[in-house]
Amino acid sequence: MLNPREPDWAQVARALGKVLAVTVVLYLALSAADRALWLFLPSGDERMAKVHGTAARVANPDKRVSHGFDSGETLLQSAYTIWAEPRLAGYSEPERYDIVETLFGTIHAPNLDGPSGNLGDAISAVETGPDEGEKETARKTIDALPQTLVATAVVEFTHPMTAEQLIAFNRRHILRGGPDVSYIYSPPSHYDDSDPSPPRNAVVWNRNMIEENTWEEFTYEHETEPGTALREFRNWVGLLNEGDDLSEFGLDYQWLALAAEEGAVYGLVMDRWKLADLRALLPDQDVKTIRLADVTFDLG
């Protein structure tokens, strides 16, 4: 005779078995529906790559980001993966960053850090550093180093430059725009406890940040590259709408739209430049200062 205070273990086992069976059936049905719907529903991965993949590159100018790829799509979420390495004067191992969009349109990029380290600090100092004596300090720093060193640096201008002014700057110094020169269209906003808006990353742009350009060879316009870069930046911003979730990248639609409309360049991110070539820019009246982020010997 069963003790009334003890459960009927056979009945409990049957109930658990039913729950397990229903769970397995639901899982298999969901998996089958997911595979079936994937064949018929239009994929949002292409736009995710164009919008959020490019936003990740814009918001992380301290990293060299390669092309990305779709790394998984289900009914509940889709994922886009990129590989990136720290933008140092030398070379380092790339790391994987996953950008995930949920069914409700929320974006998660928990492993995608914003600008950090020396280059991030150099970019963050644009528009905030003191004018007096800054260029002389930069001159002394650069002159004290072997001029054959390779450097990653930020060249800050005394005033924001239009594309036309920057083209004239390029021609004065015979600069050739390419993958090693990126444009700071907007400096970062800085934390203000009286402002409810979160701080935003700088808007740094190079045409190799556009998703489709990471997969193919394209021609830089050299001295006139600033005009082409601005046009393609504005084209990319034109793809966005106010509903795009860019908060994970420290960006938002209004911030980018304003930078695209103004089209003003506050400085340049110079990647793996000879120190002597950077030093040659310093006397120009349009250059406020040069901040070195990293230097190394050119072993190539």
Side-chain angles (χ1 to χ4, degrees), residues 34 37-38 41-87 94-116 119-120 123 179 182-189 197-216 218 229-261 269:
D34 183 48
L37 288 176
W38 181 82
L41 292 180
S43 172
D45 280 358
E46 183 178 352
R47 189 169 190 278
M48 181 183 178
K50 287 184 176 180
V51 171
H52 298 103
T54 300
R57 296 178 177 94
V58 172
N60 289 272
D62 62 327
K63 298 179 178 68
R64 298 184 191 95
V65 184
S66 66
H67 57 259
F69 59 93
D70 301 332
S71 51
E73 183 176 8
T74 69
L75 283 175
L76 300 180
Q77 67 179 38
S78 57
Y80 176 77
T81 296
I82 58 180
W83 291 88
E85 62 171 296
R87 196 184 295 276
E95 299 177 37
R96 172 176 171 151
Y97 298 99
D98 292 305
I99 304 169
V100 176
E101 182 177 14
T102 69
L103 177 65
F104 304 102
T106 302
I107 299 294
H108 297 291
N111 295 323
L112 190 63
D113 299 326
S116 58
L119 183 55
I123 294 170
S182 298
Y183 308 98
I184 303 175
Y185 284 124
S186 182
S189 67
S197 302
R200 300 180 182 91
N201 280 326
V203 178
V204 181
W205 183 262
N206 187 295
R207 286 200 289 145
N208 62 16
M209 295 176 176
I210 303 173
E211 172 63 23
E212 51 266 36
N213 284 351
T214 65
W215 289 94
E216 60 187 34
F218 63 96
L230 177 58
R231 182 172 63 252
E232 294 205 8
F233 174 54
R234 286 172 170 168
N235 289 342
W236 177 72
V237 172
L239 296 175
L240 309 179
N241 59 61
E242 296 191 40
D244 287 317
D245 181 9
L246 303 175
S247 58
E248 283 286 279
F249 312 108
L251 302 170
D252 68 27
Y253 175 79
Q254 297 296 339
W255 182 254
L256 290 164
L258 180 60
E261 180 182 0
V269 175

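Owing to the predicted nature of the structure, the values given are computational and were not obtained by experimental measurement.
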Hey, could you give me the [atom1]/[atom2] distance between [X] and [Y], rounded to the nearest 0.5 Å?
X    : Y    : atom1 : atom2 : result
T106 : Q77  : OG1   : CD    : 11.5 Å
N235 : I210 : CG    : CD1   : 7.5 Å
L258 : Q254 : CG    : CD    : 8.5 Å
L256 : L239 : CG    : CG    : 11.5 Å
N208 : S66  : CG    : OG    : 10.5 Å
L246 : D252 : CG    : CG    : 7.5 Å

Validation row: [X], [Y] side chains within 4.5 angstrom (heavy atoms):
X    : Y    : result
D244 : Y253 : no
E261 : R234 : no
R96  : T81  : yes
V203 : I184 : no
V269 : V204 : yes
I99  : M48  : yes
P188 : R200 : no
W83  : E95  : no

Point to revise | Residues K50 and E211 bridged, charged N to O under 4.0 Å | key: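 No, no charged N to carboxylate O under 4.0 Å.
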Backbone of [Y] reached by a side-chain donor or acceptor of [X] within 3.5 Å:
X    : Y    : result
N201 : L251 : no
R87  : P61  : yes
Y185 : L230 : yes
N213 : R207 : yes
N60  : R57  : no

Shortest non-hydrogen contact from [X] to [Y]?
X    : Y    : result
P187 : W255 : O-CZ2, 3.2 Å
G68  : I82  : CA-CG2, 3.8 Å
W236 : A55  : CZ2-N, 3.8 Å
D62  : S116 : OD2-N, 2.8 Å
N206 : S182 : CB-OG, 3.5 Å

Exercise for review: Assess whether side chain to side chain contact (heavy atoms under 4.5 Å, CB included) is satisfied between F218 and E212, documenting all intermediate values.
Suggested key: CA-CA 10 Å; F218 63 96; E212 51 266 36; over 6 Å; no
Point to revise | Modelled atom types, side-chain donor and acceptor of Y80 and E46, under 3.5 Å | key: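 Checked: Y80/E46 side chains show no N/O donor-acceptor pair below 3.5 Å.
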**Study point:** Full working for side chain to side chain contact (heavy atoms under 4.5 Å, CB included) between M209 and V65
**Key:** CA-CA 8 Å; M209 295 176 176; V65 184; over 6 Å; no
Practice item. Taking salt bridge (charged side-chain N to carboxylate O under 4.0 Å, His left out) as the test, write out the residues that go with E248, two or more places apart. Key: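 Partners of E248 under the salt bridge (charged side-chain N to carboxylate O under 4.0 Å, His left out) test: none.
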Check your understanding: Is there a side chain to side chain contact (heavy atoms under 4.5 Å, CB included) between S78 and V100 once you walk through the steps?
Key -> CA-CA 6 Å; S78 57; V100 176; over 6 Å; no
Point to revise | Aromatic ring pairing F233/W205, orientation class (parallel under 30°, perpendicular over 60°, tilted between) | key: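 It falls in the tilted class, 30° to 60°.
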